Amino acid sequence: MSPRDWKSTLLLPKTEFPMKADLPRREPVRLARWHAENLYGRIREARAGAPRFLLHDGPPYANGKIHIGTAMNKILKDLVVRSKTLAGFDSPYVPGWDCHGLPIELSVDKELGAKKREMSDVAIRQACRKFAEKWIDDQRADFKRLGILGRWEAPYRTMDFSYQAEIAKAFGGFVDRGLVTFGFKSVLWCVRDRTALAEAEIEYEDKVDPSIYVAMPMPVDDFSSSVWELAALGVRRLYAVIWTTTPWTLPANRAITLGPKIEYVLLKKESEPGAAYLVADALVSQVTAALGWHDASPLPHSKKSGETIARAGLAPRYARPFASDSFDNFGFLLGEHVSTSDGTGLVHTAPGHGRDDYEVVRRHGIAVDDAALCPVDEGGFYDANAPEFLRGKRVVIPKTPDQSANDAVLSALARNAAEASSFRDHPEKDQSGALLLSKTSLSHSYPHCWRCKQPVIFRATHQWFIDLHAIRDEALAEIHDRVKWIPPFGENRIGAMVENRLEWTISRQRRWGSPITFLRCTECKEKGVVSHYPAVEGNVGEKQKREREDFFERVRETFRQHGADAWYDDERFPPSYFLRESSSSSSSSSSSSLSPACSRCGGRSFEKVKDILDVWFDSGVSHAAVLRSGDYGLPDPYTAKPPTPVVYLEGHDQHRGWFQSSLLTSVALTGRAPYDAVITHGFVVAGDGRKMSKSLGNTVDPQDVIKKDGADVLRLWVASVDYTTDDPVSEEILKRTAEAYRKIRNTARFLLSNLFDFDPAKDSVPASRLEPLDRWVLDVAAQFADEARDAYGAYAFHVVSRRLLELVTTDLSAFWCDVRKDVLYVLAANDPVRRSAQTAAYRLAETIAVALCAICPFTAEEIWEAIPGNAANPSALFLKSWSNLQLPEIPSSEREAWGRVLALRAEFLARLEPLRRDGKVGSAAQAAVEIGPGPALDADLALSSLSEEKLAEVLGVPLVVRSTATRASEQSDLYGGLTLLVRPAEGVKCPRCWQMRKNVEPGPDGICARCRRVVGE
RNA sequence: GGGCCCGUAGCUCAGAUGGCUAGAGCGCAUCCCUGAUAAGGAUGAGGUCGGUGGUUCAAUUCCACCUGGGCCCA
């Protein structure tokens, strides 16, 4: 006869909650339900009227699949939104997309191929729109799959008609403030395709160019004599030596740039008494070697810094070549970009043909607005601004040697060299007296057009700018005084960038974007004059101001209705369309109102400017287009009372990008920063800390993680890293994350499985009647909840996830759950002690679900709905807040007492180990403890209401004996030398509760007295 | 080349204003349990705190330089 089956009399855990998460399969099901029941909308309704908190989405660019960095960014945002909701706020989230711009246009170019040439602007733009829409759909599906909660059915898109209208309005606002200017700027230019190129359209390839040294004469006059003791040095002729690989830019020379800290000397040749050549001290040997000047050496006491030379303050100081007036130049300028790694340390500066050149001139406050600064036309030919004998020569890719600008320039210079008198009156001679000192050739890396593969040039072209001078101080004040930067170094970073930024070039010669809505007078254009309507200048009369306002309002209305495509549709919306009076204009217009005229020539024929705005302008005005306009279901956060806090959260690369464009536009238009706080995160890198790249094969694809582990694991990873630095991700790291996930899941499952017969309404034990151990564990949960709430408040998500994991592993799984099994399984269902433990388990499960609901929403809800009483309305979890958690706390004295008791437990476990090693006991359940006398311990036990019996439960042993004897060998460090003896427990293992008991009944079916009482019979 | 930032055990993180044998969780090793079971528990081994120099009675913590890495510029 087999022994009786006591197991069936136990209340063993029971649950439907699966141990295996199977997230890749289950998450989509839950997602579909959230969508079907409009969870986002329900949360909005439930939180209506609550204090509002606004995370404003920075729009990702709609041209490809999301990568791990995009995923992390969106998950972090979701953590903010969900944790704020959890904190009781109404925290809406309207996701957005950045839709205009070059990358999309280029992709569409590629798709269209030759067809593009026959397509209208509007048709091209529609193709771009389709392309963006496709990727928005793709990305939206991925974001939703990540569990990001938001207004996905109505996101904002910078190509929305309403958004385009707001862009145009914002642009008008800039014009109104007088911040928009028009001028020249050096941009990359392909002379074959006759078009400006963006950095992304450039390929670097080797090219052979002339390498020349040129000496430009400096007059021996008051200026030069104020710097050097020329008379004493015996100098009668003075030259500044420059080096260049683009001789064709010499006719555009306007300055020589020196390094402020670089030391310069005067070189003298034995063979050429009376002449001196200015070069950088550090480059003397390099230059003399290159020129073959074996007899050259620096003049004594001629060493001067660039700063000294340039600041001497007397102009002009050198003769520039190829000019009718050689002294018509900006003289010596200072530039930090000057180096002594090659050349002469004196940089030939042509603001019409170089980016640095342009910058250095602008930084000296010199306007670059004269067409003569760039004597090269669209095809790369010298134009009327070049000396007559150079006109028609081509600066790059000449078809014949005769057409070569470089050759023409070099021979003109050569005619000067060595004072060859026979050329004195040659018509194709440079008159400045510049000397070609040396000409060799050099192979170097040079930018080429990616389409036609030809070398490109820098060429000054008409561009639109936003002048940042007027708003810089305001912007800096906002950066430093209003905005909270998280982490704090963001303040430095963006502050330095804004301080050093000269201007914002906002025009692009492209089609896919929001247009710069100005008209240009065609009559003036024929005369080579630029005249715009409405007035560009800030300082205009009332009438012009009103005209301008009307015009931009007309544009805004049109775009709102028809989109910015209207600007490109000259048939339906000719220039005159925009010149009609705005419908919102209040003036009683006479029916015979004349269309406006060009302020310069009085002409009435206009064409549209077809440049588009820099895409950073588009996304930069999202605060206006999305937050202020009301077009996307959001009440204006800035005028709300009290104002709604607005937070931006992006990678720290956006200090130069969106954070800055948003700040500048908002300051210019409204005088304040658009955000109250800016959170930045680092970049996702590979496991070894290096950047991810497809060629290295070290990328992690979010799709793969979702397919393998599920979105919740990816989310837990995001929540576990300190996002303020770079964030490595690798298979190993994700494996660790998945393990942590399983730990949390299994512990929750244990709690749930012990609630199968628990009805919270009927069976809950009030806090005052909870068992000491359960009071303690709920206090631990309360402490955790406080810390988690604070950490969420500080956006320190990794602190939340770490603390949650610690709670779950240490306090729950390894201790409370383990020790509580006896009570939960063995006692009668309704035993108050068991109900106490269940009450604790119930609250703990709730706590885990709530704490986890932002980090792992799928799993949190799964836990939540498995809690008794919640199945009917699982997503109610997402309407909970911390205050819904009922976690009784205990006095700190009791908490501290528990701390010491648990130290006693640790000591006991350590002392148990030798017995286990010797095979005397298997586990704590087979051990007994004899504890010596200790008044301090007695006090702690009293504080924590622990009888000897309950202390035994805490230690997980069947018996604790207090003895009066003190044996030195058993002394511990606790309680001033408390004695602690661990030994095998006496008695017999009860077949029902598996505890070692002395009171087990004899016979094959004998059980202990406690079990007998439970079982009855 | 410049600006900003980062570098604590295999992994993720703690380590106010410099001060005990640098901590936690995970992982790992060994052991236990088999009534959370493709689970659970215990114990333990792991760190020249990126490197060098300096300030100090004392530095992971302050300073300088170097090195590796990231972002943004040039």
Side-chain angles (χ1 to χ4, degrees), chain A residues 6-15 17 19-20 335-341 355-356 359 487-497 499-501 651-657 660 680-692 716-717 719-722 724-743 745-754 796 798-799 801-810 813-815 817-819 821-822 824-826 906 908-917 919 921-926 956 992-994:
Chain A
W6 291 113
K7 183 170 171 176
S8 62
T9 70
L10 296 171
L11 297 165
L12 291 177
K14 216 182 330 183
T15 181
F17 189 92
M19 178 177 282
K20 187 169 164 23
E336 295 292 340
H337 64 287
V338 179
S339 82
T340 53
S341 56
R355 195 162 287 171
D356 283 335
E359 284 270 318
F489 64 72
E491 180 177 345
N492 263 337
R493 205 172 145 105
I494 194 169
M497 286 174 182
E499 249 167 78
N500 291 320
R501 191 160 180 178
H652 56 53
D653 56 331
Q654 298 304 328
H655 284 123
R656 173 155 292 270
Q660 200 179 134
T680 48
H681 62 257
F683 275 61
V684 181
V685 294
D688 60 359
R690 292 176 164 273
K691 109 168 60 186
M692 282 190 184
L716 183 58
W717 168 71
S720 68
V721 297
D722 175 4
T724 62
T725 65
D726 292 332
D727 303 302
V729 70
S730 64
E731 286 220 6
E732 192 202 343
I733 290 167
L734 287 167
K735 199 175 136 200
R736 293 287 101 85
T737 310
E739 278 160 4
Y741 171 85
R742 276 203 295 278
K743 187 70 188 183
R745 182 180 181 89
N746 270 326
T747 305
R749 179 172 181 269
F750 174 83
L751 297 170
L752 295 168
S753 67
N754 283 291
H798 69 296
V799 173
S801 61
R802 196 187 67 234
R803 284 291 292 113
L804 177 63
L805 191 59
E806 276 170 9
L807 171 81
V808 159
T809 41
T810 321
S813 184
F815 176 50
C817 297
D818 204 34
V819 142
K821 282 183 219 169
D822 178 65
L824 289 165
Y825 299 173
V826 172
F908 153 70
L909 287 170
R911 286 172 185 235
L912 182 65
E913 201 62 13
L915 299 195
R916 298 175 63 231
R917 213 166 29 240
V921 297
S923 68
Q926 294 158 32
R992 182 168 178 277
C993 70
W994 289 358

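So that the names make sense, note that chain A is the first sequence line, chain B the second, and so on, each numbered from 1. Not measured: the values here are computed from a predicted model.
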Q) Which one, G27(B), G3(B), C71(B), comes nearest to the side chain of Glu739(A)? A) G27(B)

Q: For Pro487(A), answer base if it contacts any base atom (sugar-phosphate contacts may also be present), sugar-phosphate if it contacts only those atoms, and nothing otherwise; contact means non-hydrogen atoms under 4.0 Å.
A: nothing

(Q) Using the C1' atom as the point on both nucleotides, what is the distance between C4(B) and G10(B), in whole Å? (A) 31 Å

Q | Set of ring-ring contact (aromatic ring centres under 6.0 Å, His included) partners for Phe815(A), sequence neighbours left out | A | Trp776(A)

Q) Considering only the P atoms, how many Å lie between G51(B) and C71(B), rounded to the nearest integer? A) 24 Å

Q. Can you tell me if the side-chain N/O atoms of His798(A) get under 4.0 Å from OP1 or OP2 in A14(B)?
A. yes

(Q) Tell me whether Asp653(A) is salt-bridged to Arg656(A), with the criterion being a basic N under 4.0 Å from an acidic carboxylate O. (A) no

Q | Those residues that, when tested against Phe683(A), pass ring-ring contact (aromatic ring centres under 6.0 Å, His included) (two or more places apart) | A | His652(A)

Q.
Is it the case that over 12 heavy atoms from other parts of the model lie below 6.0 angstrom from the CD atom of Glu731(A)?
A. no

Q.
Give me the distance, rounded to whole Å, that separates C49(B) from A42(B) when you measure between the P atoms they each carry.
A. 31 Å

Q) Pick the nucleotide of RNA chain B nearest each of Leu909(A) and Trp717(A); which residue has the one closer to the 5' end? A) Trp717(A)

**Q.** Gap in Å between the two P atoms, one belonging to C20(B) and one to C13(B), rounded
**A.** 25 Å

Q | Nucleotide pairing, RNA chain B (Watson-Crick or G-U, distances under 3.5 Å), in dot-bracket with [ ] and | | A | (((((((..((((.....[...)))).(((((.......))))).....(((((..]....)))))))))))).

**Q.** Shortest non-hydrogen contact between Lys20(A) and Arg745(A), atoms and distance
**A.** O-NH2, 3.9 Å

**Q.** Check ion pair Arg917(A)-Glu913(A) (N to O, under 4.0 angstrom)
**A.** no

Q: Starting at atom CZ of Phe815(A), determine the distance to atom C1' of G41(B), rounded to an integer number of angstrom.
A: 13 Å

Q) In whole Å, what separates the C1' atom of C5(B) from that of G50(B)? A) 16 Å

Q. To the nearest Å, how far apart are Leu716(A) CG and C26(B) C1'?
A. 12 Å

Q. Is any side-chain nitrogen or oxygen of Arg690(A) closer than 4.0 Å to OP1 or OP2 of G69(B)?
A. yes

Q: Mind calculating the distance between CZ (Phe683(A)) and P (C5(B)) to the nearest angstrom?
A: 17 Å

**Q.** Separation of the C1' atoms in C31(B) and A58(B), to the nearest angstrom
**A.** 42 Å

Q | Full working for side-chain contact (heavy atoms from CB on, under 4.5 Å) between Val729(A) and Met692(A) | A | CA-CA 10 Å; Val729(A) 70; Met692(A) 282 190 184; 3.1 Å; yes

Q: Identify whether any heavy atom of Gly689(A) sits under 4.0 Å from a base atom; if not, whether one sits that close to sugar-phosphate; answer base, sugar-phosphate or nothing.
A: sugar-phosphate

(Q) Of the listed nucleotides (C71(B), C26(B), G69(B)), which one gets closest to any side-chain atom of Thr809(A)? (A) C26(B)

**Q.** Whole-Å gap separating P (C13(B)) and CG (Asp726(A))
**A.** 11 Å

Q | Letter per nucleotide, 5' to 3', of nucleotides 30-39 of chain B [B base touched, S only sugar-phosphate touched, - untouched; heavy atoms, 4.0 Å] | A | -BS-SBBSSS

Could you pull out the protein-nucleic contacts involving nucleotides 20-24 of chain B (nitrogen or oxygen on both sides, under 3.5 Å)?
| from | atom 1 | to | atom 2 | distance (Å) |
| --- | --- | --- | --- | --- |
| A24(B) | O2' | Glu806(A) | OE2 | 3.3 |

Q) Base, sugar-phosphate, or nothing for Arg656(A), non-hydrogen atoms under 4.0 angstrom? A) sugar-phosphate

**Q.** Non-neighbouring partners of Gln654(A) that pass side chain to side chain contact (heavy atoms under 4.5 Å, CB included), sequence neighbours left out
**A.** Trp616(A), Glu650(A), Trp658(A), Phe659(A)

Q) Mind telling me whether G40(B) is syn or anti, cutoff 90° either side of 0? A) anti

**Q.** Tyr825(A) side chain reached by Asn754(A) side chain, heavy atoms, under 4.5 Å
**A.** yes

Q. Roughly how many Å is it from CE in Met692(A) to C1' in C71(B), rounded to a whole number?
A. 16 Å

Q.
Are Trp6(A) and Leu10(A) packed together at the side-chain level, in the sense that at least one heavy-atom pair is separated by less than 4.5 angstrom?
A. no

Q: Could you tell me the separation between the CZ atom of Arg736(A) and the C1' atom of A9(B), rounded to a whole number of Å?
A: 13 Å

Q. How long is the line joining CD1 of Ile494(A) and P of C5(B), in whole Å?
A. 15 Å

**Q.** Separation of the C1' atoms in G68(B) and A22(B), to the nearest angstrom
**A.** 24 Å

Q: Taking the side chain as every heavy atom from C-beta outward, state whether Trp717(A) and Val684(A) have any atom pair closer than 4.5 Å.
A: yes

Q | C1' spacing across the pair G46(B) / U37(B), given as an integer number of angstrom | A | 30 Å

Q. Tell me: CZ of Phe908(A) to C1' of U43(B), nearest whole Å?
A. 13 Å

